[in-house]
Structures are given as C-alpha cells and as structure tokens.
Amino acid sequence: MAAGEDLLWDADDKSMQMVPRLRRIGVTAGFLGFLGLMLWTDSDATWVFYAGAVYLIGEIAYWAWDRRRLVEARIVPGEVDGAARLCLRHVGGRITELDPHHVARVLLIHDNVHDLAKLRLSLHGRQLFFGRPARPPASSAWRRICPKAEVSGRAAQWGMPGIPD
C-alpha cells in the first residue's frame, strides 16, 4: 500500500480457490462421462446424469459470480490537485477505479455469529458490487470518503453459521 492510501475494505480470503473448484468440476465431469456411458441404453436412472449436469452448471455459474466479488477497496489520492479515486480489487485480479461521488449506497451487513461483515456497494448507474466477508470497517471512513452515499449497516437476517444472507 502506497503512502496516503486509505484501506476501506480488506477481505479475509482473497484467493479464487481454483484448485478445489477445478478438482470438483473435473471429478463431476468425469463422473458424468462415466454415467453417460453406463446409461447409454434406455434406463430409468438418467436423472442422476441430469442432476450432475445441473451441479456442474451451478458450479460454473458460482465461479463466474465469485470472480467479480470485491476483496479490497481503498482510496487512492489523485494527482496534483486531482480528486481522490476509489480503487476496487476483485477476486479475479481486475482493478476498477471510480469516483467516490458516484457511490450511491454502502451497506455493511454484520454477521450475528462471527466478527465479520459483508459489503454491498451500489453506484448511481445501478451497478452493484458484492464484497467477500471481512472484518467490519468503521462506517465513518466510508462517510468521509463517499459524502453523497447513504452509508448504513445492519445485522444479518439469519443468525446461523452456513446460512448465507
């Protein structure tokens, strides 16, 4: 982190976890291929093949969604007499720079069980960013950096581990 940068969001897990995901996808694809060969004849157990295919599609869709999630948000000072920029780093490594005045809403959802929070960041153009779980940041930093944004926090609606909000 360079001097003068303010860290607003820092997720606990920043990796894409590709090895376990690729392993699950590979095992599922191999199993589906084997089942496809076994069930080539007319069989009543073809639902197993379809269930595995649905799982494979779901895993790929989750991977596509997860790589867009935010793992880091920081304020980068502008150039000489320039405005500061909001720098967002995604799980996939992509970095997006935004004007902090374009942020419409910052919602921090606090976990009821663990000392973690989730970030929901929406822009004026209806674009929505989701953050991976992290330590809850101070709301005052978001209010100071994004003065036009509605900054709020709430408790998670479900208080049980393993049930997403």
Which atom names give the shortest non-hydrogen contact between Ala73 and Trp142, and what distance separates them?
-> CB-CH2, 4.0 Å
Taking every non-hydrogen atom, the tightest pair across Arg69 and Gly131 = NH2-O, 3.7 Å
What side-chain donor-acceptor pairs closer than 3.5 Å can you find for residues 97-105, not counting sequence neighbours?
| from | atom 1 | to | atom 2 | distance (Å) |
| --- | --- | --- | --- | --- |
| Asp99 | OD1 | His101 | N | 3.4 |

Atom pair SG (Cys87) and CD1 (Ile75), whose distance is rounded to the nearest 0.5 Å = 9.0 Å
Once you round to the nearest 0.5 Å, how far does CG of Leu8 lie from OG of Ser139?
-> 11.0 Å
In Å, rounded to the nearest 0.5 Å, how long is the span from CG of Leu70 to NZ of Lys118?
-> 14.0 Å
In sequence, state the C-alpha distance, the side-chain angles, and the governing distance for Arg135 and Asp10, and then conclude on side-chain contact (heavy atoms from CB on, under 4.5 Å).
-> CA-CA 7 Å; Arg135 295 271 178 223; Asp10 190 26; over 6 Å; no
Can you hop from Leu116 to Leu7 via hydrophobic side chains spaced under 4.5 Å?
-> no
Taking the side chain as C-beta and beyond, is there a heavy-atom pair between Leu108 and Pro136 under 4.5 Å?
-> no
What's the shortest heavy-atom distance between Trp9 and Arg132, and which atoms?
-> CZ2-O, 3.0 Å
Reported CD1-to-CZ distance for the pair Ile145 and Arg74, which is rounded to 0.5 angstrom = 12.5 Å
Non-neighbouring partners of Phe130 that pass ring-ring contact (aromatic ring centres under 6.0 Å, His included), sequence neighbours left out = Trp65
Given Val106 and Glu150, is the side-chain contact (heavy atoms from CB on, under 4.5 Å) satisfied, shown in steps?
-> CA-CA 6 Å; Val106 177; Glu150 173 193 341; over 6 Å; no
Of all the heavy-atom pairs spanning Ala11 and Ala134, show the shortest one and how long it is.
-> CA-CB, 3.5 Å
Going through the distances and angles, do Cys146 and Val151 end up as a side-chain contact (heavy atoms from CB on, under 4.5 Å)?
-> CA-CA 9 Å; Cys146 306; Val151 179; 5.5 Å; no
Steps toward side-chain contact (heavy atoms from CB on, under 4.5 Å) verdict (Leu88, Leu121) | CA-CA 10 Å; Leu88 306 173; Leu121 185 72; 4.0 Å; yes
What are the two closest heavy atoms between Leu123 and Phe129, and how far apart are they?
-> CD1-CE1, 3.6 Å
NE2 (His110) and CG (Asp115) are apart, to the nearest 0.5 Å, by 9.5 Å
